[in-house]
**Q** 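After the structure tokens below, expect a handful of questions from me.
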Amino acid sequence: MDRRKELIRNSFIFTLGNLGSKLIAFIMLPLYTYTLSTSEFGTVDLLITTVNLFLPIVSLSIGDAIFRFSMDHSENASRVLSNGVAILSVLSLGTVLLS
């Protein structure tokens with residue numbers, strides 16, 4: 001029963017994280033449509049969709065992994081965070097060099 005409670009708790013935390021980002025995008029939509037013209041909005045929407053498509057691939061979903069493993073009691077949270085930050089730093093440097 002304890003594993004089931006932990007699964008439900010972790011699922012709830014992930015759900016809140018995902019809904020938070022979707023809610024911010026929903027709130028920003030009227031600002032985008034008020035400020036941008038139709039063609040500019042189409043360009044911005046295409047750019048945002050492309051970035052959202054490739055972001056998990058480029059970042060290797062390290063942020064999600066840090067979040068997941070830092071909640072695991074058998075893992076050292078500070079070690080997980082430092083490893084994740086190191087990997088993201090290397091990936092960021094690689095992205096900057098490719099740009």
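Just so it is clear, the values below take in all heavy atoms, side chains as well, and ignore hydrogens, waters and symmetry mates.
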**Q** Kindly give the heavy-atom pair with the smallest separation between S70 and A77, and that separation in Å.
**A**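 S70 and A77 have their closest heavy atoms at O-CB, 4.2 Å.
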
**Q** Check whether more than 12 heavy atoms from other residues, nucleotides or ligands sit under 6.0 Å from atom CZ of R9, and answer yes or no.
**A**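 Yes, because the 6.0 Å sphere around CZ of R9 holds more than 12 heavy atoms from other groups.
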
**Q** Measuring from D45:CG to E40:CD, what's the distance to the nearest 0.5 Å?
**A**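 The CD atom of E40 is 13.5 Å from CG of D45, to the nearest 0.5 Å.
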
**Q** Would you give the length of the straight line joining atom CD1 of I27 to atom NZ of K22, rounded to the nearest 0.5 angstrom?
**A**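 Between atom CD1 of I27 and atom NZ of K22 there are 14.0 Å.
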
**Q** Find the distance between CG (L88) and CG (N83) and round it off to the nearest 0.5 Å.
**A**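 If I round to the nearest 0.5 Å, the distance is 11.0 Å.
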
**Q** Should L55 and I62 be counted in the same cluster of Ile, Leu, Val, Met, Phe, Trp and Tyr side chains packed under 4.5 Å apart?
**A**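 Looking at the clustering, I62 is in a separate group from L55.
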
**Q** Any pair with a residue in residues 13-53 that passes ring-ring contact (aromatic ring centres under 6.0 Å, His included), sequence neighbours left out, goes on the list, sorted by first then second residue, please.
**A**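 Of all non-adjacent pairs touching residues 13-53, those that pass ring-ring contact (aromatic ring centres under 6.0 Å, His included) are F14-F67.
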
**Q** Taking all non-hydrogen atoms of both residues into account, name the closest pair between I66 and V85 and its distance.
**A**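 Looking at all heavy atoms of both residues, the shortest contact is CD1-N, 4.3 Å.
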
**Q** Is there a path of hydrophobic side-chain contacts, each under 4.5 Å between heavy atoms, that joins I57 and L53?
**A**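 In one cluster: yes.
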
**Q** Contact between V44 and L36 at the side-chain level, heavy atoms closer than 4.5 Å - yes or no?
**A**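 Yes; the side chains approach each other to less than 4.5 Å.
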
**Q** Say you draw a straight line from OG of S59 to CZ of F54; how long is it, rounded to the nearest 0.5 Å?
**A**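 So the OG of S59 and the CZ of F54 are separated by 13.0 Å.
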
**Q** If you measure from OG on S21 to CG on N52, what distance do you get to the nearest 0.5 Å?
**A**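 These two atoms lie 8.5 Å from each other.
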
**Q** Tell me which one of R4, E6, K5 satisfies side chain to side chain contact (heavy atoms under 4.5 Å, CB included) with I8.
**A**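 Testing each of R4, E6, K5 against I8, the sole residue satisfying side chain to side chain contact (heavy atoms under 4.5 Å, CB included) is R4.
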
**Q** Is it the case that one hydrophobic cluster holds both V58 and I87, taking links as side-chain heavy atoms less than 4.5 Å apart, direct or via other members?
**A**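 The answer is no; the residues belong to distinct hydrophobic clusters.
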
**Q** To the closest 0.5 Å, what do you measure between CD1 (I24) and CG (L19)?
**A**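 Reported to 0.5 Å precision, the distance equals 11.5 Å.
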
**Q** Following the transitive rule for hydrophobic clusters with a side-chain heavy-atom cut-off under 4.5 Å over Ile, Leu, Val, Met, Phe, Trp and Tyr, establish whether I48 and L29 coincide in one cluster.
**A**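 I48 clusters together with L29.
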
